[in-house]
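First the structure, in the form of structure tokens, and then the observations on it.
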Amino acid sequence: MSVAGTEGTLDHLLKNLGRSGTSDRFRLVCLLSLEGSVLKCSPATLERAGLAPSDVVGRPFWTTMWWDASPDAGEEVRHAVLRAAEGGFVRCDVPSRVEKNAPHTVLLDLTVARLRGEDGAFTCLLVEARDVSEGRLAEEAIARLTAESETQRRLYEAIVSSTPDFVYVFDRDHRFVFANDALLKMWGKTREEALGKNCLELGYEPWHAEMHDREIEETVSSRRAIRGEVPFNGTGGRRIYEYIFVPVVAASGEVELITGTTRDVTDRKTTEEELRRVNQDLEQFAYSASHDLKEPLRTVKIYSELLVARYRERLDGKALDFLDNVRTGADRMEALVRDLLAYTQTSRLEKPGEPADAMAALQAALANLEAAITESGGVVEAGALPYVTVHATQLQSLFQNLIGNALKYRRPEAAPVVSISARRQDSFWLFCVADNGIGIQPEFREQIFGLFKRLHTKDEYSGTGIGLAICKRIVERYHGRIWVGSEADEGCRFYFTLPG
């Protein structure tokens with residue numbers, strides 16, 4: 001085949017098109033015979049591929065340029081070259097290793113075109129290939145993200161459409177630009193009838209529309225979410241709705257839209273109110289019962305003691321044992337009534353007017369426990385303690401119950417040692433009351449805070465099983481938590497949090 005008359009132009013073309021030394025992108029330019037043998041190849045291409053002209057000239061193009069990226073790559077190139085020789089222009093993507101011993105595969109955008117000689121006849125083929133790996137990866141990533149976005153959009157639409165909550169969006173003029181199916185159903189309007197209208201136009205009562213607009217303006221001005229509750233008289237009677245408005249802030253810093261959700265909380269509020277009323281009734285009953293039982297118990301104790309004091313000589317041993325059992329039972333019942341009364345009183349105090357000094361509360365608790373500390377040979381240690389927003393008497397009760405338990409549940413072979421510490425944890429203080437006593441097995445860690453829950457018999461350890469329940473009730477009243485970390489025979493670490 002002759003390419004006479006065109007070689008100068010082709011050499012210039014090969015030299016300039018094949019220049020790739022200034023870029024990491026591979027670019028291949030070759031001239032082929034119409035049968036597909038290599039006639040010329042750009043120097044930059046050969047240099048990048050690690051080949052000499054003698055390695056490629058006169059050889060089929062599809063066997064020379066490292067078409068070993070996949071089993072079918074060379075065959076695909078061969079078909080592209082032969083189709084171009086017949087039809088004039090072919091373009092395809094081919095995986096290739098464009099450098100000798102290259103570890104990575106790239107994707108080449110391969111084009112093959114026929115060239116005419118001076119006589120107008122087709123004389124050769126021009127091949128150009130560009131590395132389009134990153135571009136194709138970007139395209140695939142965009143396609144993948146687009147597909148994911150479409151999936152997320154459909155998922156979002158399905159959730160918004162199926163939820164019984166009202167979901168909506170306002171513009172800055174307080175007009176609805178989106179409303180989900182639940183809200184449209186409540187309005188009794190189609191989307192076309194509702195969108196673009198404000199609350200008054202949709203039939204809201206004036207006071208409700210005014211409140212609505214005021215909340216929107218506050219959301220816009222503060223650029224923060226606004227929460228609230230509102231009663232609504234609908235066809236089903238009076239309902240209570242809980243709502244939240246959230247601003248959508250543009251890149252400019254201006255609030256563009258306000259999104260909102262509203263939930264019907266009537267049933268929940270009704271249940272909460274019923275539970276509150278039942279709890280109040282139960283507390284009142286427990287308070288009254290425990291208070292009213294104190295006097296008859298005192299009478300039982302007094303008369304049993306009088307019987308022993310005045311008629312001891314007339315009573316035999318069994319009768320005296322009976323009276324002793326009566327006194328012992330009355331004592332236990334009196335302790336139970338006293339603790340039950342303390343338990344019911346934990347929720348009767350109003351919110352504290354000022355923070356309580358935890359160290360002062362601890363000292364008051366230790367004064368009440370002085371006899372038990374002396375009898376047990378115990379030691380109570382404490383680091384610096386903070387002021388906390390609780391009632392001082394309840395904080396004292398908290399310390400007294402926890403330290404009293406530590407003194408009671410001690411190991412026979414060791415005097416009790418109790419350590420008290422506190423550290424800051426967000427807006428709360430985390431307290432720890434640790435001891436070296438008998439400990440609690442892990443399976444009982446939750447059970448011990450229940451009312452009347454005991455892990456030991458009254459013959460082993462005295463008590464009513466209410467102390468830790470009182471501690472839990474006090475801590476939870478101030479939205480704190482209480483828990484225990486312990487292993488059997490390794491002591492207890494009681495933790496609780498209180499607001500600072």
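The first residue in the sequence is number 1, and the count goes up from there. None of these values were measured; they are calculated from a predicted model.
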Is there a donor-acceptor pair under 3.5 Å between the side chain of [X] and the backbone N or O of [Y]?
{"X": "R223", "Y": "G253", "answer": "yes"}
{"X": "D267", "Y": "T270", "answer": "no"}
{"X": "D109", "Y": "A129", "answer": "no"}
{"X": "K189", "Y": "K185", "answer": "no"}
{"X": "T266", "Y": "I240", "answer": "yes"}
{"X": "E201", "Y": "N198", "answer": "yes"}
{"X": "T389", "Y": "G500", "answer": "yes"}
{"X": "N401", "Y": "A469", "answer": "no"}
{"X": "D173", "Y": "R175", "answer": "no"}
{"X": "Y478", "Y": "H391", "answer": "yes"}

Please report the closest heavy-atom contact between [X] and [Y], naming both atoms and the distance.
{"X": "A422", "Y": "P386", "value": "CB-CD, 3.8 Å"}
{"X": "L468", "Y": "L402", "value": "CD2-CD2, 3.7 Å"}
{"X": "E215", "Y": "Y243", "value": "OE2-OH, 2.6 Å"}
{"X": "S421", "Y": "L385", "value": "C-CD2, 4.2 Å"}
{"X": "A415", "Y": "N436", "value": "O-ND2, 3.2 Å"}
{"X": "A361", "Y": "A392", "value": "CB-O, 4.1 Å"}

Side chains of [X] and [Y]: closer than 4.5 Å at any heavy-atom pair?
{"X": "V418", "Y": "V433", "result": "yes"}
{"X": "L306", "Y": "Y311", "result": "no"}
{"X": "V248", "Y": "V255", "result": "no"}
{"X": "T259", "Y": "Y168", "result": "no"}
{"X": "E254", "Y": "R172", "result": "yes"}
{"X": "L366", "Y": "V380", "result": "yes"}
{"X": "T219", "Y": "V246", "result": "no"}
{"X": "S397", "Y": "I470", "result": "yes"}

Taking the six-membered ring for Trp and the single ring otherwise, decide whether the centroids of [X] and [Y] are under 6.0 Å apart.
{"X": "F170", "Y": "F178", "answer": "no"}
{"X": "F166", "Y": "Y241", "answer": "yes"}
{"X": "F176", "Y": "W187", "answer": "yes"}
{"X": "F245", "Y": "H212", "answer": "yes"}

Given Y387 and E354, is the side-chain hydrogen bond (donor to acceptor under 3.5 Å, both in side chains) satisfied, shown in steps? CA-CA 9 Å; Y387 281 78; E354 57 185 22; over 6 Å; no
Could you go through D181 and R191, starting from their C-alpha distance and side-chain angles, then the distance that decides it, and tell me whether this counts as side chain to side chain contact (heavy atoms under 4.5 Å, CB included)? CA-CA 8 Å; D181 294 346; R191 188 166 275 105; 3.3 Å; yes
With a 4.0 Å cut-off on N to O distance, would you call [X] and [Y] a salt bridge?
{"X": "E242", "Y": "R268", "result": "yes"}
{"X": "R214", "Y": "E218", "result": "no"}
{"X": "K269", "Y": "E273", "result": "no"}
{"X": "D435", "Y": "R410", "result": "no"}

Quick one: pull up [atom1] in [X] and [atom2] in [Y] and give me the separation to the nearest 0.5 Å.
{"X": "F399", "Y": "N368", "atom1": "CZ", "atom2": "CG", "result": "13.5 Å"}
{"X": "L184", "Y": "E192", "atom1": "CG", "atom2": "CD", "result": "9.0 Å"}
{"X": "N405", "Y": "C471", "atom1": "CG", "atom2": "SG", "result": "7.5 Å"}
{"X": "L498", "Y": "H479", "atom1": "CG", "atom2": "NE2", "result": "11.5 Å"}
{"X": "K318", "Y": "L323", "atom1": "NZ", "atom2": "CG", "result": "12.5 Å"}
{"X": "Q400", "Y": "L362", "atom1": "CD", "atom2": "CG", "result": "10.5 Å"}

Verdict with reasoning, V167 to L183, per side chain to side chain contact (heavy atoms under 4.5 Å, CB included): CA-CA 7 Å; V167 183; L183 185 54; over 6 Å; no
Give the intermediate values and the outcome of side chain to side chain contact (heavy atoms under 4.5 Å, CB included) for residues I403 and L369. CA-CA 8 Å; I403 297 170; L369 293 168; 3.8 Å; yes
Among I474, L395, V475, L398, side chain to side chain contact (heavy atoms under 4.5 Å, CB included) partner for V390: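 Testing each of I474, L395, V475, L398 against V390, the sole residue satisfying side chain to side chain contact (heavy atoms under 4.5 Å, CB included) is L395.
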So does [X] have more than 12 non-hydrogen atoms from other groups sitting under 6.0 Å from [atom1]?
{"X": "R424", "atom1": "CZ", "result": "yes"}
{"X": "R263", "atom1": "CZ", "result": "no"}
{"X": "E381", "atom1": "CD", "result": "yes"}

V484 and R493: CA distance, side-chain angles, deciding distance, side chain to side chain contact (heavy atoms under 4.5 Å, CB included) verdict: CA-CA 6 Å; V484 62; R493 295 179 305 282; 5.9 Å; no
